[in-house]
Visitor: 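My questions will all concern the structure given below.
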There are 2 protein chains.
Amino acid sequence: MAIALADLKVACSTCSLRELCLPVGLTPKQLESLDELVYARRRIAEGESLFHAGDPFRALYAVRSGFFKTRVTTADGRDQVTGFLMAGELLGIDGIGAGQHGCDAVAIEDGEVCAIPYAKLEETARRFEPLQQHFHRVMSREIVRDHSVMLLLGSMRAEEKLAAFLLNLSQRLAARGYSARDFVLRMTRAEIGSFLGLKLETVSRLFTQFQKEGLLSVNRRSVRITNVEELTRRAGLHC
Amino acid sequence: MAIALADLKVACSTCSLRELCLPVGLTPKQLESLDELVYARRRIAEGESLFHAGDPFRALYAVRSGFFKTRVTTADGRDQVTGFLMAGELLGIDGIGAGQHGCDAVAIEDGEVCAIPYAKLEETARRFEPLQQHFHRVMSREIVRDHSVMLLLGSMRAEEKLAAFLLNLSQRLAARGYSARDFVLRMTRAEIGSFLGLKLETVSRLFTQFQKEGLLSVNRRSVRITNVEELTRRAGLHC
DNA sequence: GAGCGCAGTTGATCCAGGTCAAAGCACCCC
DNA sequence: GGGGTGCTTTGACCTGGATCAACTGCGCTC
(Lines give C-alpha, C1' and ligand atoms only; values in the text may rest on other atoms or scores of the structure.)
Protein backbone atom coordinates (compact mmCIF):
# COMPACT_ATOMS: atom_id res chain seq x y z
CA MET A 1 0.00 0.00 0.00
CA ALA A 2 2.83 2.38 0.89
CA ILE A 3 4.35 1.63 -2.47
CA ALA A 4 1.09 2.14 -4.29
CA LEU A 5 0.65 5.55 -2.69
CA ALA A 6 4.19 6.53 -3.54
CA ASP A 7 3.54 5.55 -7.11
CA LEU A 8 0.49 7.74 -7.18
CA LYS A 9 2.28 10.77 -5.84
CA VAL A 10 2.25 13.45 -8.48
CA ALA A 11 4.10 16.63 -9.26
CA CYS A 12 2.29 19.76 -10.36
CA SER A 13 5.51 20.86 -12.04
CA THR A 14 5.28 18.09 -14.61
CA CYS A 15 1.48 17.84 -14.86
CA SER A 16 -0.03 18.45 -18.26
CA LEU A 17 -2.88 20.35 -16.65
CA ARG A 18 -0.73 22.99 -14.95
CA GLU A 19 -2.04 25.64 -17.33
CA LEU A 20 -5.64 25.00 -16.25
CA CYS A 21 -5.37 23.91 -12.67
CA LEU A 22 -4.50 25.48 -9.35
CA PRO A 23 -0.88 26.42 -10.21
CA VAL A 24 -1.83 28.42 -13.30
CA GLY A 25 0.47 31.36 -13.89
CA LEU A 26 3.26 30.22 -11.61
CA THR A 27 6.86 30.16 -12.80
CA PRO A 28 8.56 26.75 -13.13
CA LYS A 29 10.54 27.45 -9.97
CA GLN A 30 7.42 28.38 -8.01
CA LEU A 31 5.76 25.26 -9.34
CA GLU A 32 8.39 23.00 -7.86
CA SER A 33 7.70 24.32 -4.39
CA LEU A 34 4.09 23.30 -4.97
CA ASP A 35 4.85 19.69 -5.67
CA GLU A 36 4.71 18.80 -2.01
CA LEU A 37 1.15 20.11 -1.85
CA VAL A 38 -0.65 17.33 -3.64
CA TYR A 39 -0.84 14.22 -1.59
CA ALA A 40 -2.00 11.57 -4.02
CA ARG A 41 -4.19 10.81 -6.95
CA ARG A 42 -7.39 8.94 -6.52
CA ARG A 43 -9.28 6.98 -9.16
CA ILE A 44 -13.05 7.28 -9.20
CA ALA A 45 -15.24 4.98 -11.26
CA GLU A 46 -18.36 6.17 -13.04
CA GLY A 47 -21.23 6.44 -10.59
CA GLU A 48 -18.98 6.61 -7.54
CA SER A 49 -18.91 9.64 -5.27
CA LEU A 50 -15.81 11.57 -4.31
CA PHE A 51 -17.65 12.91 -1.29
CA HIS A 52 -21.19 13.38 -0.04
CA ALA A 53 -22.93 16.32 1.58
CA GLY A 54 -22.21 16.06 5.29
CA ASP A 55 -18.85 14.28 4.91
CA PRO A 56 -16.11 15.94 6.95
CA PHE A 57 -14.05 18.31 4.84
CA ARG A 58 -10.31 17.66 4.64
CA ALA A 59 -9.15 18.19 1.09
CA LEU A 60 -9.88 19.85 -2.20
CA TYR A 61 -9.77 17.77 -5.34
CA ALA A 62 -8.42 18.84 -8.69
CA VAL A 63 -9.93 16.90 -11.57
CA ARG A 64 -7.19 15.25 -13.65
CA SER A 65 -9.41 13.31 -15.99
CA GLY A 66 -13.02 12.27 -16.31
CA PHE A 67 -16.18 14.19 -15.72
CA PHE A 68 -17.90 14.99 -12.45
CA LYS A 69 -21.18 16.53 -11.36
CA THR A 70 -21.97 18.25 -8.09
CA ARG A 71 -25.46 18.18 -6.72
CA VAL A 72 -27.42 19.43 -3.71
CA THR A 73 -30.44 17.63 -2.33
CA THR A 74 -33.57 18.72 -0.45
CA ALA A 75 -34.98 16.94 2.58
CA ASP A 76 -37.70 15.41 0.41
CA GLY A 77 -35.32 13.91 -2.12
CA ARG A 78 -35.44 16.38 -4.98
CA ASP A 79 -32.02 17.31 -6.23
CA GLN A 80 -30.36 19.96 -8.29
CA VAL A 81 -27.16 19.53 -10.28
CA THR A 82 -25.06 22.60 -9.47
CA GLY A 83 -22.22 21.99 -11.88
CA PHE A 84 -20.34 19.74 -14.27
CA LEU A 85 -16.60 19.63 -13.77
CA MET A 86 -13.82 18.63 -16.13
CA ALA A 87 -10.02 18.41 -16.10
CA GLY A 88 -8.27 21.20 -14.22
CA GLU A 89 -11.33 22.25 -12.25
CA LEU A 90 -11.50 22.23 -8.46
CA LEU A 91 -13.97 20.26 -6.35
CA GLY A 92 -14.86 20.66 -2.70
CA ILE A 93 -14.47 24.38 -2.04
CA ASP A 94 -17.98 24.34 -0.58
CA GLY A 95 -16.65 22.39 2.40
CA ILE A 96 -14.36 25.09 3.78
CA GLY A 97 -17.09 27.20 5.31
CA ALA A 98 -18.79 24.59 7.46
CA GLY A 99 -16.00 22.03 7.85
CA GLN A 100 -18.16 19.53 6.01
CA HIS A 101 -19.14 19.20 2.40
CA GLY A 102 -22.32 20.91 1.27
CA CYS A 103 -22.93 18.84 -1.84
CA ASP A 104 -22.27 15.46 -3.42
CA ALA A 105 -19.55 15.10 -6.04
CA VAL A 106 -20.25 12.18 -8.37
CA ALA A 107 -18.17 10.86 -11.27
CA ILE A 108 -20.28 10.65 -14.41
CA GLU A 109 -17.34 9.05 -16.21
CA ASP A 110 -14.31 7.16 -14.87
CA GLY A 111 -11.74 9.68 -13.74
CA GLU A 112 -8.87 10.63 -11.57
CA VAL A 113 -8.44 13.49 -9.10
CA CYS A 114 -5.51 14.98 -7.18
CA ALA A 115 -6.22 15.32 -3.47
CA ILE A 116 -4.95 18.57 -1.97
CA PRO A 117 -5.09 18.50 1.84
CA TYR A 118 -6.72 21.77 2.79
CA ALA A 119 -4.65 22.44 5.91
CA LYS A 120 -1.53 22.20 3.81
CA LEU A 121 -2.94 24.43 1.09
CA GLU A 122 -3.79 27.07 3.66
CA GLU A 123 -0.35 26.94 5.14
CA THR A 124 1.38 27.05 1.76
CA ALA A 125 -0.81 29.95 0.65
CA ARG A 126 0.39 31.97 3.63
CA ARG A 127 4.02 31.46 2.68
CA PHE A 128 3.50 31.80 -0.99
CA GLU A 129 1.72 34.83 -2.34
CA PRO A 130 1.11 33.71 -5.95
CA LEU A 131 -0.67 30.60 -4.70
CA GLN A 132 -2.77 32.63 -2.30
CA GLN A 133 -3.76 35.01 -5.07
CA HIS A 134 -4.59 32.23 -7.43
CA PHE A 135 -6.63 30.31 -4.89
CA HIS A 136 -8.67 33.42 -4.11
CA ARG A 137 -9.24 33.96 -7.81
CA VAL A 138 -10.45 30.40 -8.23
CA MET A 139 -12.96 30.81 -5.42
CA SER A 140 -14.10 34.18 -6.71
CA ARG A 141 -14.57 32.81 -10.20
CA GLU A 142 -16.69 30.02 -8.80
CA ILE A 143 -18.94 32.68 -7.28
CA VAL A 144 -19.14 34.54 -10.60
CA ARG A 145 -19.98 31.29 -12.37
CA ASP A 146 -22.72 30.57 -9.82
CA HIS A 147 -24.18 34.01 -10.41
CA SER A 148 -24.37 33.41 -14.13
CA VAL A 149 -26.08 30.07 -13.48
CA MET A 150 -28.59 31.95 -11.32
CA LEU A 151 -29.18 34.32 -14.21
CA LEU A 152 -29.75 31.34 -16.46
CA LEU A 153 -32.09 29.58 -14.03
CA GLY A 154 -34.00 32.69 -13.06
CA SER A 155 -34.38 34.66 -16.26
CA MET A 156 -33.90 32.46 -19.31
CA ARG A 157 -36.34 30.45 -21.35
CA ALA A 158 -35.77 26.75 -22.03
CA GLU A 159 -34.31 27.31 -25.49
CA GLU A 160 -31.87 29.94 -24.21
CA LYS A 161 -30.82 27.72 -21.33
CA LEU A 162 -29.86 24.79 -23.50
CA ALA A 163 -28.09 26.97 -26.06
CA ALA A 164 -26.08 28.68 -23.30
CA PHE A 165 -25.25 25.32 -21.75
CA LEU A 166 -23.96 23.85 -25.00
CA LEU A 167 -21.86 26.91 -25.79
CA ASN A 168 -20.33 26.89 -22.31
CA LEU A 169 -19.48 23.20 -22.64
CA SER A 170 -18.05 23.79 -26.09
CA GLN A 171 -15.79 26.60 -24.86
CA ARG A 172 -14.50 24.64 -21.90
CA LEU A 173 -13.74 21.64 -24.10
CA ALA A 174 -11.97 23.89 -26.61
CA ALA A 175 -9.82 25.35 -23.79
CA ARG A 176 -8.67 21.78 -23.14
CA GLY A 177 -7.69 21.14 -26.74
CA TYR A 178 -10.80 19.28 -27.80
CA SER A 179 -13.02 20.25 -30.70
CA ALA A 180 -15.44 23.04 -29.92
CA ARG A 181 -17.84 21.82 -32.61
CA ASP A 182 -17.84 18.08 -32.09
CA PHE A 183 -18.18 16.50 -28.72
CA VAL A 184 -19.73 13.78 -26.66
CA LEU A 185 -22.00 14.67 -23.79
CA ARG A 186 -20.97 12.91 -20.65
CA MET A 187 -24.28 13.46 -18.90
CA THR A 188 -27.80 12.19 -19.41
CA ARG A 189 -30.75 14.32 -20.52
CA ALA A 190 -32.04 14.15 -16.96
CA GLU A 191 -28.76 15.55 -15.58
CA ILE A 192 -28.73 18.37 -18.12
CA GLY A 193 -32.35 19.06 -17.22
CA SER A 194 -31.64 19.15 -13.52
CA PHE A 195 -28.79 21.59 -14.04
CA LEU A 196 -30.93 23.84 -16.27
CA GLY A 197 -34.15 23.65 -14.25
CA LEU A 198 -35.93 21.69 -16.99
CA LYS A 199 -37.37 18.20 -17.35
CA LEU A 200 -35.58 15.61 -19.41
CA GLU A 201 -38.37 15.51 -22.00
CA THR A 202 -37.95 19.23 -22.59
CA VAL A 203 -34.21 18.83 -23.07
CA SER A 204 -34.80 16.02 -25.54
CA ARG A 205 -37.37 18.06 -27.49
CA LEU A 206 -35.01 21.03 -27.64
CA PHE A 207 -32.22 18.89 -29.08
CA THR A 208 -34.63 17.68 -31.74
CA GLN A 209 -35.81 21.25 -32.40
CA PHE A 210 -32.24 22.60 -32.70
CA GLN A 211 -31.42 19.79 -35.10
CA LYS A 212 -34.49 20.50 -37.25
CA GLU A 213 -33.47 24.16 -37.36
CA GLY A 214 -29.98 23.24 -38.49
CA LEU A 215 -28.14 24.56 -35.45
CA LEU A 216 -26.58 21.21 -34.61
CA SER A 217 -26.84 17.54 -35.25
CA VAL A 218 -27.32 15.21 -32.37
CA ASN A 219 -27.40 11.48 -31.90
CA ARG A 220 -27.82 10.43 -28.32
CA ARG A 221 -24.67 11.72 -26.58
CA SER A 222 -22.83 12.95 -29.69
CA VAL A 223 -23.30 16.57 -30.64
CA ARG A 224 -21.95 18.50 -33.60
CA ILE A 225 -22.59 22.22 -33.61
CA THR A 226 -23.20 23.36 -37.18
CA ASN A 227 -24.24 26.98 -36.65
CA VAL A 228 -22.46 28.58 -33.70
CA GLU A 229 -23.60 32.11 -34.58
CA GLU A 230 -27.28 31.26 -34.46
CA LEU A 231 -26.82 29.12 -31.36
CA THR A 232 -25.13 32.11 -29.72
CA ARG A 233 -28.03 34.31 -30.73
CA ARG A 234 -30.46 31.84 -29.18
CA ALA A 235 -28.47 31.83 -25.95
CA GLY A 236 -28.31 35.58 -25.65
CA LEU A 237 -30.73 38.26 -26.64
CA HIS A 238 -33.30 36.49 -28.81
CA CYS A 239 -35.57 39.54 -28.94
CA MET B 1 -11.67 66.26 3.02
CA ALA B 2 -8.66 64.79 4.83
CA ILE B 3 -10.45 65.55 8.07
CA ALA B 4 -13.68 63.96 6.88
CA LEU B 5 -11.87 60.79 5.95
CA ALA B 6 -10.07 60.67 9.28
CA ASP B 7 -13.40 61.03 11.03
CA LEU B 8 -14.75 58.13 9.09
CA LYS B 9 -11.93 55.79 9.95
CA VAL B 10 -13.29 52.91 11.94
CA ALA B 11 -11.98 50.24 14.21
CA CYS B 12 -13.18 46.65 13.93
CA SER B 13 -12.24 46.19 17.57
CA THR B 14 -15.00 48.52 18.73
CA CYS B 15 -17.55 47.80 15.99
CA SER B 16 -20.90 46.48 17.09
CA LEU B 17 -20.92 44.13 14.12
CA ARG B 18 -17.72 42.31 14.97
CA GLU B 19 -19.69 39.16 15.81
CA LEU B 20 -21.20 39.03 12.35
CA CYS B 21 -18.57 40.54 10.11
CA LEU B 22 -15.16 39.58 8.80
CA PRO B 23 -13.41 39.44 12.21
CA VAL B 24 -15.84 36.96 13.71
CA GLY B 25 -14.20 34.61 16.20
CA LEU B 26 -11.04 36.64 16.70
CA THR B 27 -9.77 37.45 20.19
CA PRO B 28 -9.79 41.11 21.29
CA LYS B 29 -6.03 41.26 20.85
CA GLN B 30 -6.23 39.82 17.34
CA LEU B 31 -8.99 42.27 16.58
CA GLU B 32 -6.81 45.25 17.32
CA SER B 33 -4.28 44.19 14.73
CA LEU B 34 -7.16 44.22 12.25
CA ASP B 35 -8.07 47.83 12.86
CA GLU B 36 -5.59 49.05 10.29
CA LEU B 37 -7.32 46.94 7.65
CA VAL B 38 -10.44 48.98 7.12
CA TYR B 39 -9.74 52.14 5.29
CA ALA B 40 -12.90 54.19 5.65
CA ARG B 41 -16.64 54.07 5.80
CA ARG B 42 -18.70 55.15 2.89
CA ARG B 43 -22.33 56.27 2.92
CA ILE B 44 -24.58 55.08 0.12
CA ALA B 45 -28.01 56.55 -0.48
CA GLU B 46 -30.96 54.43 -1.56
CA GLY B 47 -30.79 53.78 -5.27
CA GLU B 48 -27.07 54.50 -5.52
CA SER B 49 -24.58 51.86 -6.57
CA LEU B 50 -21.51 50.85 -4.62
CA PHE B 51 -20.01 49.43 -7.81
CA HIS B 52 -21.11 48.28 -11.22
CA ALA B 53 -20.22 45.21 -13.25
CA GLY B 54 -17.03 46.06 -15.12
CA ASP B 55 -15.71 48.53 -12.53
CA PRO B 56 -12.11 47.83 -11.56
CA PHE B 57 -11.89 45.79 -8.39
CA ARG B 58 -9.92 47.29 -5.50
CA ALA B 59 -11.79 46.67 -2.27
CA LEU B 60 -14.32 44.51 -0.54
CA TYR B 61 -17.14 46.20 1.33
CA ALA B 62 -18.61 45.11 4.63
CA VAL B 63 -22.19 46.30 5.11
CA ARG B 64 -22.48 48.31 8.33
CA SER B 65 -26.07 49.39 7.93
CA GLY B 66 -28.75 49.48 5.30
CA PHE B 67 -29.76 46.94 2.72
CA PHE B 68 -28.12 46.12 -0.60
CA LYS B 69 -28.92 43.98 -3.59
CA THR B 70 -26.51 42.49 -6.10
CA ARG B 71 -27.60 41.88 -9.65
CA VAL B 72 -26.23 40.55 -12.92
CA THR B 73 -27.45 41.72 -16.29
CA THR B 74 -27.68 40.15 -19.75
CA ALA B 75 -26.70 41.85 -22.98
CA ASP B 76 -30.36 42.43 -23.78
CA GLY B 77 -31.19 44.17 -20.52
CA ARG B 78 -32.81 41.43 -18.50
CA ASP B 79 -31.44 41.19 -15.02
CA GLN B 80 -31.34 38.80 -12.14
CA VAL B 81 -31.02 39.77 -8.49
CA THR B 82 -28.38 37.41 -7.07
CA GLY B 83 -28.63 38.41 -3.43
CA PHE B 84 -29.86 40.75 -0.74
CA LEU B 85 -27.21 41.82 1.79
CA MET B 86 -27.57 43.18 5.29
CA ALA B 87 -25.30 44.33 8.13
CA GLY B 88 -22.15 42.27 8.58
CA GLU B 89 -22.26 40.73 5.11
CA LEU B 90 -19.50 41.14 2.55
CA LEU B 91 -19.86 42.68 -0.91
CA GLY B 92 -17.54 42.50 -3.89
CA ILE B 93 -15.92 39.06 -3.60
CA ASP B 94 -16.96 38.43 -7.19
CA GLY B 95 -14.35 40.98 -8.32
CA ILE B 96 -11.26 39.07 -7.16
CA GLY B 97 -11.28 36.55 -9.98
CA ALA B 98 -11.29 38.90 -12.95
CA GLY B 99 -9.91 42.08 -11.37
CA GLN B 100 -13.20 43.75 -12.12
CA HIS B 101 -16.62 43.43 -10.58
CA GLY B 102 -19.00 40.91 -12.07
CA CYS B 103 -22.22 42.39 -10.77
CA ASP B 104 -23.83 45.65 -9.64
CA ALA B 105 -24.24 46.34 -5.94
CA VAL B 106 -27.13 48.73 -5.31
CA ALA B 107 -28.37 50.17 -2.02
CA ILE B 108 -32.10 49.51 -1.62
CA GLU B 109 -32.06 51.56 1.58
CA ASP B 110 -29.66 54.26 2.80
CA GLY B 111 -26.65 52.58 4.31
CA GLU B 112 -23.04 52.58 5.20
CA VAL B 113 -20.21 50.22 4.25
CA CYS B 114 -16.63 49.71 5.42
CA ALA B 115 -14.17 49.62 2.53
CA ILE B 116 -11.48 46.96 2.92
CA PRO B 117 -8.68 47.42 0.37
CA TYR B 118 -8.17 43.98 -1.10
CA ALA B 119 -4.38 44.18 -1.45
CA LYS B 120 -4.15 44.92 2.24
CA LEU B 121 -6.55 42.13 3.15
CA GLU B 122 -4.48 39.66 1.16
CA GLU B 123 -1.30 40.79 2.82
CA THR B 124 -2.79 40.71 6.31
CA ALA B 125 -4.27 37.27 5.68
CA ARG B 126 -0.80 35.94 4.90
CA ARG B 127 0.57 37.17 8.20
CA PHE B 128 -2.48 36.32 10.22
CA GLU B 129 -3.86 32.83 10.06
CA PRO B 130 -7.22 33.36 11.80
CA LEU B 131 -8.08 36.07 9.30
CA GLN B 132 -7.05 33.89 6.38
CA GLN B 133 -9.20 31.04 7.68
CA HIS B 134 -12.15 33.27 8.26
CA PHE B 135 -11.92 34.91 4.87
CA HIS B 136 -11.81 31.51 3.17
CA ARG B 137 -14.84 30.44 5.17
CA VAL B 138 -16.75 33.53 4.12
CA MET B 139 -16.03 32.86 0.44
CA SER B 140 -16.88 29.19 0.79
CA ARG B 141 -20.15 30.00 2.52
CA GLU B 142 -21.04 32.35 -0.31
CA ILE B 143 -20.61 29.41 -2.69
CA VAL B 144 -22.81 27.19 -0.51
CA ARG B 145 -25.43 29.93 -0.37
CA ASP B 146 -25.33 30.25 -4.16
CA HIS B 147 -25.84 26.51 -4.52
CA SER B 148 -28.91 26.64 -2.32
CA VAL B 149 -30.25 29.50 -4.42
CA MET B 150 -29.70 27.34 -7.50
CA LEU B 151 -31.68 24.58 -5.82
CA LEU B 152 -34.43 27.07 -5.14
CA LEU B 153 -34.43 28.48 -8.68
CA GLY B 154 -34.13 25.13 -10.40
CA SER B 155 -36.31 22.78 -8.40
CA MET B 156 -38.84 24.66 -6.31
CA ARG B 157 -42.37 25.78 -7.08
CA ALA B 158 -43.41 29.40 -6.62
CA GLU B 159 -45.01 28.83 -3.22
CA GLU B 160 -41.93 27.02 -1.90
CA LYS B 161 -39.65 29.72 -3.22
CA LEU B 162 -41.41 32.55 -1.42
CA ALA B 163 -41.75 30.58 1.82
CA ALA B 164 -38.04 29.73 1.75
CA PHE B 165 -37.15 33.34 0.99
CA LEU B 166 -39.19 34.70 3.90
CA LEU B 167 -37.78 32.17 6.36
CA ASN B 168 -34.23 32.96 5.27
CA LEU B 169 -34.84 36.67 5.70
CA SER B 170 -36.45 36.07 9.07
CA GLN B 171 -33.48 34.05 10.33
CA ARG B 172 -30.92 36.57 9.18
CA LEU B 173 -32.85 39.41 10.83
CA ALA B 174 -33.15 37.39 14.04
CA ALA B 175 -29.37 36.82 14.02
CA ARG B 176 -29.03 40.62 14.07
CA GLY B 177 -31.31 41.07 17.05
CA TYR B 178 -34.46 41.97 15.15
CA SER B 179 -37.76 40.18 15.45
CA ALA B 180 -37.97 36.98 13.43
CA ARG B 181 -41.76 37.29 13.21
CA ASP B 182 -42.25 40.95 12.43
CA PHE B 183 -40.26 42.78 9.83
CA VAL B 184 -40.30 45.25 7.02
CA LEU B 185 -39.29 44.16 3.55
CA ARG B 186 -36.70 46.48 2.11
CA MET B 187 -37.24 45.33 -1.45
CA THR B 188 -40.07 45.65 -3.95
CA ARG B 189 -42.19 42.76 -5.23
CA ALA B 190 -40.30 43.02 -8.52
CA GLU B 191 -36.95 42.61 -6.75
CA ILE B 192 -38.18 39.62 -4.77
CA GLY B 193 -39.53 38.18 -8.02
CA SER B 194 -36.27 38.70 -9.84
CA PHE B 195 -34.36 36.96 -7.07
CA LEU B 196 -36.79 34.02 -7.01
CA GLY B 197 -37.27 33.67 -10.76
CA LEU B 198 -40.90 34.81 -10.57
CA LYS B 199 -42.89 37.78 -11.84
CA LEU B 200 -43.97 40.50 -9.44
CA GLU B 201 -47.66 39.64 -9.91
CA THR B 202 -46.96 36.08 -8.80
CA VAL B 203 -45.14 37.30 -5.69
CA SER B 204 -48.04 39.59 -4.85
CA ARG B 205 -50.60 36.80 -5.32
CA LEU B 206 -48.57 34.48 -3.11
CA PHE B 207 -48.47 37.05 -0.32
CA THR B 208 -52.25 37.34 -0.55
CA GLN B 209 -52.62 33.55 -0.61
CA PHE B 210 -50.35 33.06 2.43
CA GLN B 211 -52.34 35.70 4.28
CA LYS B 212 -55.67 34.03 3.43
CA GLU B 213 -54.25 30.74 4.68
CA GLY B 214 -53.22 32.34 7.95
CA LEU B 215 -49.47 31.85 7.56
CA LEU B 216 -48.70 35.54 7.80
CA SER B 217 -50.22 38.96 7.60
CA VAL B 218 -48.86 41.40 5.10
CA ASN B 219 -49.45 45.03 4.30
CA ARG B 220 -47.25 46.33 1.54
CA ARG B 221 -43.73 46.04 2.98
CA SER B 222 -44.67 44.96 6.52
CA VAL B 223 -44.81 41.25 7.19
CA ARG B 224 -45.78 39.38 10.35
CA ILE B 225 -45.28 35.64 10.30
CA THR B 226 -48.08 34.00 12.26
CA ASN B 227 -47.45 30.32 11.53
CA VAL B 228 -43.74 29.54 11.17
CA GLU B 229 -44.27 25.77 11.28
CA GLU B 230 -46.62 25.71 8.32
CA LEU B 231 -44.49 28.23 6.43
CA THR B 232 -41.51 25.93 7.01
CA ARG B 233 -43.50 23.00 5.71
CA ARG B 234 -44.36 24.96 2.59
CA ALA B 235 -40.74 25.82 2.01
CA GLY B 236 -39.49 22.28 2.39
CA LEU B 237 -41.04 18.99 1.49
CA HIS B 238 -44.67 19.82 0.74
CA CYS B 239 -45.45 16.31 -0.52
C1' DG C 1 -28.18 -14.16 -29.53
C1' DA C 2 -32.26 -13.64 -26.45
C1' DG C 3 -33.95 -10.81 -23.16
C1' DC C 4 -33.70 -7.14 -19.99
C1' DG C 5 -33.08 -2.49 -18.60
C1' DC C 6 -31.86 2.09 -19.06
C1' DA C 7 -31.63 6.28 -21.97
C1' DG C 8 -33.84 8.73 -25.24
C1' DT C 9 -37.71 10.22 -28.29
C1' DT C 10 -42.27 11.60 -29.29
C1' DG C 11 -47.22 12.52 -28.70
C1' DA C 12 -51.32 14.19 -26.07
C1' DT C 13 -52.96 16.80 -22.49
C1' DC C 14 -52.74 19.86 -18.51
C1' DC C 15 -51.77 23.61 -15.45
C1' DA C 16 -48.58 26.84 -12.88
C1' DG C 17 -47.13 30.87 -13.63
C1' DG C 18 -46.70 34.48 -17.21
C1' DT C 19 -48.90 38.31 -19.64
C1' DC C 20 -51.87 42.07 -20.21
C1' DA C 21 -54.84 45.34 -18.30
C1' DA C 22 -57.07 48.08 -14.88
C1' DA C 23 -57.60 49.83 -10.46
C1' DG C 24 -56.13 51.08 -5.72
C1' DC C 25 -53.11 53.13 -2.46
C1' DA C 26 -49.25 55.46 -0.09
C1' DC C 27 -46.08 59.02 -0.29
C1' DC C 28 -43.73 62.90 -2.09
C1' DC C 29 -43.28 67.34 -4.05
C1' DC C 30 -44.82 71.52 -5.51
C1' DG D 1 -53.83 69.78 -0.31
C1' DG D 2 -53.84 68.28 -5.07
C1' DG D 3 -51.86 65.81 -8.38
C1' DG D 4 -48.38 62.81 -9.83
C1' DT D 5 -45.62 58.74 -9.49
C1' DG D 6 -44.26 54.38 -8.33
C1' DC D 7 -45.57 50.26 -5.92
C1' DT D 8 -49.08 46.84 -5.19
C1' DT D 9 -53.20 44.25 -5.89
C1' DT D 10 -56.49 41.84 -8.57
C1' DG D 11 -58.83 39.89 -12.61
C1' DA D 12 -59.01 37.49 -17.17
C1' DC D 13 -56.72 34.96 -20.25
C1' DC D 14 -52.79 32.51 -22.43
C1' DT D 15 -48.81 29.57 -23.04
C1' DG D 16 -44.35 27.27 -22.17
C1' DG D 17 -42.96 23.61 -20.15
C1' DA D 18 -44.55 19.78 -17.06
C1' DT D 19 -46.79 15.48 -16.84
C1' DC D 20 -48.25 11.10 -18.33
C1' DA D 21 -47.71 7.50 -21.43
C1' DA D 22 -46.13 4.77 -25.17
C1' DC D 23 -42.54 3.30 -27.82
C1' DT D 24 -37.64 2.76 -29.73
C1' DG D 25 -33.12 1.31 -29.63
C1' DC D 26 -28.70 0.44 -27.71
C1' DG D 27 -25.77 -2.20 -24.70
C1' DC D 28 -25.19 -5.48 -21.25
C1' DT D 29 -25.65 -9.97 -19.13
C1' DC D 30 -26.30 -14.65 -19.14
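None of the values given here were measured: they were computed from a predicted structure. Every chain is numbered from 1 and lettered A, B, ... according to where its sequence line falls, protein lines coming before strand lines.
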Visitor: Can you find a heavy atom in the side chain of F51(B) that is under 4.5 Å from one in the side chain of D104(B)?
Guide: no
Visitor: If you define the side chain from C-beta out and look only at heavy atoms, does anything of S170(A) sit under 4.5 Å from F183(A)?
Guide: yes
Visitor: Rounding to a whole Å, what distance do you find between E160(A):CD and dG17(D):C1'?
Guide: 14 Å
Visitor: For the side chain of S204(A), starting at C-beta, report the closest nucleotide among dT9(C), dT10(D), dG17(D).
Guide: dT9(C)
Visitor: So which of residues 207-227 of chain A are in contact with DNA chain C, with a heavy-atom cut-off of under 4.0 Å?
Guide: T208(A), R220(A), R221(A)
Visitor: Less than 4.5 Å apart, any side-chain heavy atom of E191(B) and any of I108(B)?
Guide: yes
Visitor: Compute whether any side-chain donor of one residue and acceptor of the other, for S217(B) and Q211(B), lie under 3.5 angstrom apart.
Guide: no
Visitor: For L162(A) and dG8(C), what is the distance between atoms CG and C1' respectively, to the nearest whole Å?
Guide: 14 Å
Visitor: Between R157(A) (CZ) and dA18(D) (P), how many Å, whole number?
Guide: 13 Å
Visitor: State which of dG8(C), dA18(D), dG17(C) makes the closest approach to the side chain of K199(A).
Guide: dA18(D)
Visitor: What is the distance, rounded to the nearest whole Å, between atom CG of L200(A) and atom C1' of dA21(D)?
Guide: 13 Å
Visitor: Determine whether L166(A) and F207(A) make a side-chain contact, defined as any pair of heavy atoms from C-beta on separated by less than 4.5 Å.
Guide: yes
Visitor: Can you measure L206(B) atom CG to dT8(D) atom P for me and round it to whole angstrom units?
Guide: 14 Å
Visitor: CD of E46(B) versus C1' of dC27(C): gap in Å, rounded?
Guide: 12 Å
Visitor: Assign each of A158(A) and M187(B) to its nearest nucleotide of DNA chain D by heavy atoms, then name whichever residue's nucleotide is nearer the 5' end.
Guide: M187(B)
Visitor: Are F84(A) and F68(A) close enough that their ring centers fall under 6.0 Å?
Guide: no
Visitor: Side-chain N or O of T202(A) versus OP1/OP2 of dA18(D): is the shortest distance under 4.0 Å?
Guide: yes
Visitor: Whole angstrom is fine here: how far is it from CD in E201(B) over to P in dT19(C)?
Guide: 8 Å
Visitor: Where the side chain of R205(B) is defined as all heavy atoms beyond and including C-beta, which of dG17(C), dA12(D), dT19(D) is the nearest nucleotide?
Guide: dA12(D)
Visitor: Please tell me which of the listed nucleotides, dT10(C), dT8(D), dG17(D), lies nearest to the side chain of L198(A)?
Guide: dG17(D)
Visitor: Check every strand shown and say whether G193(B) touches a base, only sugar-phosphate, or nothing at a heavy-atom separation below 4.0 Å.
Guide: nothing
Visitor: Take the protein atom CZ of R189(B) and the nucleotide atom C1' of dA26(C), then report the distance between them rounded to whole Å.
Guide: 13 Å
Visitor: Distance alone, cut at 3.5 Å: any donor-acceptor contact between the side chains of S155(A) and Q80(B)?
Guide: yes
